[in-house]
Amino acid sequence: MNGHVPAARQLAVAALPVELEALIPAPLLLPGESLEAYHLLQQAVFADLTPRSALEWLLAIDIAELSWEIRRYRLLRHALLADHRQQAIEASLRRIDHAGIKPEFEEDANRHTRQNALSWRLDHDAAREIEVRLADYGFDQQALNLEVFVQASEIFLMFEGLLIAAQKRRTFLFREIDRYRNGR
């Protein structure tokens, strides 16, 4: 987790009444997540909701946190798909390159195939060459996408569940603010 940065935190609570500053928890960011992006999202939520009471501020804080979680889940899901695409490339290359290979060469072939799949991910020229080669053997983009979703289906569904749950909780909180403001 990233450490607490007091100066940057003051930017996020500037609109919050001083007596309510204790309501905002320090953000729990994962490595690579931006504290500035977190505060910008938080400020955008606060600006849109314009909380008028302590209860509304609590709801707004929760909405901002849920919005950050949704953003995080989407980014992690995208990274997951990119990682599984590399695995799909590797599996497809293995089907092509390992046909008829003798068992004593299997380990070296696996290492070479893994390296090619990594090159596909890191080197645009290598990626083009590998994709052309795969297409020549019938592995077009749709076939690769299918392989990605087959490999990632379980964890992809988990992320979808997390996204849906966070979105439902956020929608519920929006309704709570509306109910509170309209006296319903």
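Note: hydrogens, waters and symmetry copies are ignored here, and every other heavy atom, side chains too, is used. The structure presented is a predicted model; accordingly, all values stated were derived computationally and were not measured.
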Novice: Are Asn116 and His112 close enough, and set up right, to give a side-chain contact (heavy atoms from CB on, under 4.5 Å), and what steps lead you there?
Specialist: CA-CA 6 Å; Asn116 282 341; His112 184 71; 3.4 Å; yes
Novice: Can you name the residues that form a side chain to side chain contact (heavy atoms under 4.5 Å, CB included) with Leu162, not counting sequence neighbours?
Specialist: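 Leu162 satisfies side chain to side chain contact (heavy atoms under 4.5 Å, CB included) with Tyr73, Met158, Phe159 once adjacent residues are dropped.
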Novice: Please evaluate residues Arg71 and Arg74 with respect to the criterion side-chain contact (heavy atoms from CB on, under 4.5 Å), reporting the C-alpha separation (whole Å), side-chain torsions for both, the decisive distance (0.1 Å), and the verdict.
Specialist: CA-CA 5 Å; Arg71 177 187 182 275; Arg74 287 178 178 155; 5.9 Å; no
Novice: May I have all residue pairs that pass salt bridge (Lys or Arg N to Asp or Glu O under 4.0 Å) and include part of residues 148-158, sequence neighbours excluded?
Specialist: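 Counting only pairs at least two positions apart or across chains, no salt bridge (Lys or Arg N to Asp or Glu O under 4.0 Å) contact touches residues 148-158.
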Novice: Holding to side chain to side chain contact (heavy atoms under 4.5 Å, CB included), I want the full list of residues that pass it with Arg169, two or more places apart in sequence or in another chain.
Specialist: Leu66, Glu69, Ala165, Ala166
Novice: Got a sec: does the OH of Tyr137 have more than 12 other heavy atoms crowding it under 6.0 Å?
Specialist: no
Novice: Check whether any side-chain heavy atom of Ile61 lies under 4.5 Å from a side-chain heavy atom of Pro51, and answer yes or no.
Specialist: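 They are not in contact (no side-chain heavy atoms under 4.5 Å apart), so the answer is no.
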Novice: If you take all heavy atoms of Ala88 and Val148, which pair is closest and at what distance?
Specialist: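 For Ala88 versus Val148, the nearest heavy atoms are CB-CG2, 3.8 Å.
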Novice: Glu33 and Leu75: side-chain contact (heavy atoms from CB on, under 4.5 Å), yes or no, with the steps?
Specialist: CA-CA 10 Å; Glu33 291 182 335; Leu75 292 171; over 6 Å; no
Novice: Tell me whether the count of non-hydrogen atoms from other residues, nucleotides or ligands lying under 6.0 Å of CD in Gln141 goes above 12.
Specialist: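 Buried by this count: over 12 neighbours within 6.0 Å.
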Novice: State, to 0.1 Å, how close Ala47 and Thr50 come at their nearest heavy-atom pair, and which atoms those are.
Specialist: O-CG2, 3.1 Å
Novice: Is there a continuous path of hydrophobic side-chain contacts, each under 4.5 Å between heavy atoms, that joins Val45 to Leu59?
Specialist: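 Val45 clusters together with Leu59.
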Novice: Roughly how far, to the nearest 0.5 Å, is the CZ atom of Phe139 from the CG atom of Leu93?
Specialist: 8.5 Å
Novice: Asp125: what forms a salt bridge (Lys or Arg N to Asp or Glu O under 4.0 Å) with it, not counting sequence neighbours?
Specialist: Arg128
Novice: Tabulate below the donor-acceptor pairs under 3.5 Å that side-chain atoms of residues 95-103 make, not counting sequence neighbours, or state none.
Specialist:
| unit_1 | atom_1 | unit_2 | atom_2 | d |
| --- | --- | --- | --- | --- |
| Arg95 | NH2 | Glu147 | OE1 | 3.1 |
| Asp97 | OD1 | Arg133 | NH2 | 2.0 |
| Asp97 | OD2 | Arg133 | NH2 | 3.1 |
| His98 | ND1 | Glu106 | OE2 | 3.0 |
| His98 | NE2 | Ala109 | O | 3.3 |
| His98 | NE2 | Thr113 | OG1 | 2.8 |

Novice: List in chain and number order the residues that pass side chain to side chain contact (heavy atoms under 4.5 Å, CB included) with Leu40, two or more places apart in sequence or in another chain; answer none if no residue qualifies.
Specialist: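 Side chain to side chain contact (heavy atoms under 4.5 Å, CB included) check on Leu40 returns Glu36.
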Novice: Say you draw a straight line from CG of Leu173 to CZ of Arg179; how long is it, rounded to the nearest 0.5 Å?
Specialist: 10.5 Å
Novice: Go through the structure and list residues passing side-chain hydrogen bond (donor to acceptor under 3.5 Å, both in side chains) with Asp123, not counting sequence neighbours.
Specialist: none
Novice: Does Glu19 CD have over 12 foreign heavy atoms under 6.0 Å away?
Specialist: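 Check passes, neighbour count above 12.
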Novice: Are Leu144 and Leu146 linked, directly or through intermediate hydrophobic residues, by side-chain heavy-atom contacts shorter than 4.5 Å (ILVMFWY only)?
Specialist: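 Not linked; separate clusters.
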Novice: Using salt bridge (Lys or Arg N to Asp or Glu O under 4.0 Å) as the criterion, list what pairs up with Arg114, not counting sequence neighbours.
Specialist: none
Novice: Enter the distance from Ile63:CD1 to Leu41:CG here, rounded to the nearest 0.5 Å.
Specialist: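 Here the rounded value is 11.5 Å.
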Novice: In chain order, what residues pass the side chain to side chain contact (heavy atoms under 4.5 Å, CB included) check against Arg52, with sequence neighbours excluded?
Specialist: Glu56, Arg181
Novice: Is a donor from one side chain sitting under 3.5 angstrom from an acceptor on the other, for Asp83 and Gln87?
Specialist: yes
Novice: Please name the pair of heavy atoms, one in Ser67 and one in Arg170, separated by the smallest distance, quoted to 0.1 Å.
Specialist: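 Scanning both residues completely, I find the closest heavy atoms to be OG-NH1, 3.1 Å.
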Novice: For Phe156, give me all partners under ring-ring contact (aromatic ring centres under 6.0 Å, His included), at least two apart in sequence or on another chain.
Specialist: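 Phe156 satisfies ring-ring contact (aromatic ring centres under 6.0 Å, His included) with Phe149 only.
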Novice: Do you know which two heavy atoms are closest between Trp68 and Ser34, and how far apart they sit?
Specialist: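 The answer is CH2-O, 3.7 Å.
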Novice: Residues two or more places apart in sequence or in another chain: which of them pass salt bridge (Lys or Arg N to Asp or Glu O under 4.0 Å) with Asp108?
Specialist: Arg111
Novice: Verify the cluster assignment for Leu80 and Ile89: are they in a single hydrophobic cluster under the rule of side-chain heavy atoms below 4.5 Å apart?
Specialist: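 No, it is not one cluster - the side chains of Leu80 and Ile89 are not joined through contacts under 4.5 Å.
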Novice: Do Leu118 and Ile130 sit in one hydrophobic cluster, given that two such residues count as connected whenever their side-chain heavy atoms are within less than 4.5 Å of each other, even indirectly?
Specialist: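 They do not share one cluster, since no chain of ILVMFWY contacts under 4.5 Å joins Leu118 to Ile130.
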Novice: Tell me every residue that passes ring-ring contact (aromatic ring centres under 6.0 Å, His included) with Trp120, counting only those two or more places apart in sequence or in another chain.
Specialist: none
Novice: Do you know which two heavy atoms are closest between Ala91 and Gln151, and how far apart they sit?
Specialist: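 Heavy-atom minimum between the residues: CB-NE2, 4.0 Å.
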Novice: Apply side-chain contact (heavy atoms from CB on, under 4.5 Å) to the pair Arg85 and Arg121, showing each step before the final yes or no.
Specialist: CA-CA 9 Å; Arg85 186 157 196 85; Arg121 190 169 189 170; over 6 Å; no
Novice: Hydrophobic cluster membership, with links at side-chain heavy-atom distances under 4.5 Å among I/L/V/M/F/W/Y: are Ile70 and Ile164 in one?
Specialist: no
